[in-house]
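Just below is one structure, and these are the notes that go with it.
Keep in mind that this is a model prediction, so the values were computed, not measured. The first residue in the sequence is number 1, and the count goes up from there. Whatever order the structure lists them in is the order used to number ligands and atoms, beginning at 1.
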Amino acid sequence: MKPATIIIHAGVEPDPGTGAIMTPIYQTSTFVQEAPGKNKGFEYARSQNPTRQALETALAAIEGGRFGLAFSSGVAATDAVMKLLAPGDEVIAAADMYGGTYRLFTKIFEKYGIRFHFVDTTRPEEITRVCSPNTRLVWLETPTNPLMNISDIAAVAAISKKTGALLCVDNTFASPYLQNPLQLGADIVLHSSTKYLGGHSDVIQGALVMNNPDLREQLYFIQKSCGAVPGPMDCFLVLRGIKTLHLRMERHCENGHKLAHWLRQHPKVGKVYWCGFEDHPGYAVASRQMRGFGGMMSFELKDDSVETAKRVLSSTRLFALAESLGGVESLINHPATMTHASIPREERIKNGLSDSLIRLSVGVEDADDLIADLSAAIG
Ligand SMILES: *Cc1c(COP(=O)(O)O)cnc(C)c1O
């Protein structure tokens with residue numbers, strides 16, 4: 001089956017009790033058992049819930065994987081992956097990734113004796129350079145947030161395999177419609193379902209997808225034991241969001257293309273970061289491993305003062321000034337003070353994230369209206 005059909009039908013069976021075509025919101029904490037140990041596959045809603053189960057089936061199907069697990073947030077999903085590790089284990093991760101992932105790694109897991117190497121993962125040789133017998137996990141984000149750097153998933157998967165480390169890819173920015181890391185050799189795919197999967201900025205949730213049954217058992221054990229599970233209402237919202245993923249992503253790509261090209265020719269705009277430009281350093285790899293370039297981009301103004309950036313950020317009317325991304329409505333963000341404030345300034349600057357960088361999550365509105373809004377704000 002083709003992606004559009006999988007996206008609509010994945011995980012959704014008519015409700016066995018009533019025939020309801022949409023998965024009901026099973027708002028219950030427990031399930032009555034016929035006799036001790038005899039039940040319908042559901043015992044207690046931290047361990048299993050039918051709405052969550054439908055969503056987990058859908059997550060696996062749309063990523064082209066075997067197993068899906070849903071978590072109460074994207075960082076809860078990251079936290080679950082980290083709990084596969086033990087003190088002394090080493091992790092190689094991208095130097096410019098989502099600030100919350102960096103915070104979780106350095107502020108929480110370093111304390112527990114996990115060692116992190118942050119490298120430029122767009123250069124696979126950098127990963128090889130810091131590999132050691134203790135490397136247990138390689139963490140990729142591609143495209144990265146907010147500089148839209150592209151890492152070669154297949155090349156990094158080959159290195160991880162040789163090292164005997166797991167490869168986890170944060171696929172939030174691309175969504176399963178544009179990129180499927182498991183097919184390129186990754187072991188685990190992570191999503192902040194809060195973003196494109198939910199798609200309507202009305203839920204916080206995370207997801208993991210994997211093929212290996214042992215890995216699924218370990219991660220399910222962590223999900224159940226640590227308890228960061230999403231509620232059934234939120235699972236319903238993500239299931240509902242997924243049904244239009246392909247339609248939304250196509251429009252995000254179309255609008256992203258128009259806005260990136262418009263920004264690039266604007267006399268007051270400096271560098272534009274969007275992986276669909278042919279002269280973007282990751283263009284060849286992105287064209288190979290992605291089906292489209294999406295609606296995420298960042299740009300700098302030629303006048304690179306923070307004040308000018310702040311003026312633009314406060315003057316848009318359609319683009320709402322807010323953290324997050326991937327919803328139907330367009331958002332504008334200042335990484336240095338918002339999404340990436342948890343990364344120390346020296347680290348940020350070293351990784352090319354300037355104080356004046358502006359990030360856009362281009363929504364699915366009319367592209368001409370979005371351009372007019374930015375045009376008025378930039379002046
Ligand atoms: C938002 C985000 C996360 C964290 O997800 P939450 O749902 O906010 O916990 C992780 N990775 C990326 C790339 C994100 O954009």
Should the proximity of [X] to ligand 1, defined as any heavy atom under 4.0 Å, be assigned to the side chain, the backbone, both, or neither?
X    : result
V75  : both
T78  : neither
K195 : side chain

Report yes if the distance between the aromatic ring centroids of [X] and [Y] is under 6.0 Å, otherwise no.
X    : Y    : answer
F118 : Y102 : yes
F293 : Y283 : yes
Y273 : H280 : no

Discussion item. Please determine whether the number of non-hydrogen atoms from other residues, nucleotides or ligands lying under 6.0 Å from atom CZ of R311 exceeds 12.
Written reply: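 Yes, enclosed.
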
Atoms of ligand 1 close to [X] [distance to a heavy atom under 4.0 angstrom, numbered from 1]:
X    : result
L325 : 15 (O)
D170 : 10 (C), 11 (N), 12 (C), 13 (C)
G74  : 5 (O), 6 (P), 7 (O), 9 (O)
Q205 : 7 (O)

Discussion item. For the residue pair S354 / E300, report whether a side-chain donor-acceptor contact shorter than 3.5 Å exists.
Written reply: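 Their side chains do contain a donor-acceptor pair, which is all the 3.5 Å distance test asks for.
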
Worksheet item: Do Y44 and N39 meet the criterion of a side-chain donor-acceptor pair at a distance under 3.5 Å?
Response: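 Checked: Y44/N39 side chains show no N/O donor-acceptor pair below 3.5 Å.
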
To check your reading of the model: name the closest protein heavy atom to [atom], its residue, and the distance in Å.
atom                   : result
atom 4 (C) of ligand 1 : Y98 CE2, 3.4 Å
atom 7 (O) of ligand 1 : T194 OG1, 2.7 Å
atom 5 (O) of ligand 1 : S192 OG, 3.0 Å

Worksheet item: Looking only at distance, does E141 have an N or O less than 3.5 Å from an N or O of ligand 1?
Response: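 Among all N and O atoms of E141, none is under 3.5 Å from an N or O of ligand 1.
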
Discussion item. Pair R264, D279 - check salt bridge (Lys or Arg N to Asp or Glu O under 4.0 Å), show working.
Written reply: CA-CA 12 Å; R264 188 174 228 195; D279 56 0; 2.9 Å; yes

Practice prompt. Evaluate the criterion salt bridge (Lys or Arg N to Asp or Glu O under 4.0 Å) for residue pair R348 and D355; output intermediate values, then yes/no.
Written response: CA-CA 9 Å; R348 277 204 318 264; D355 285 339; 3.3 Å; yes

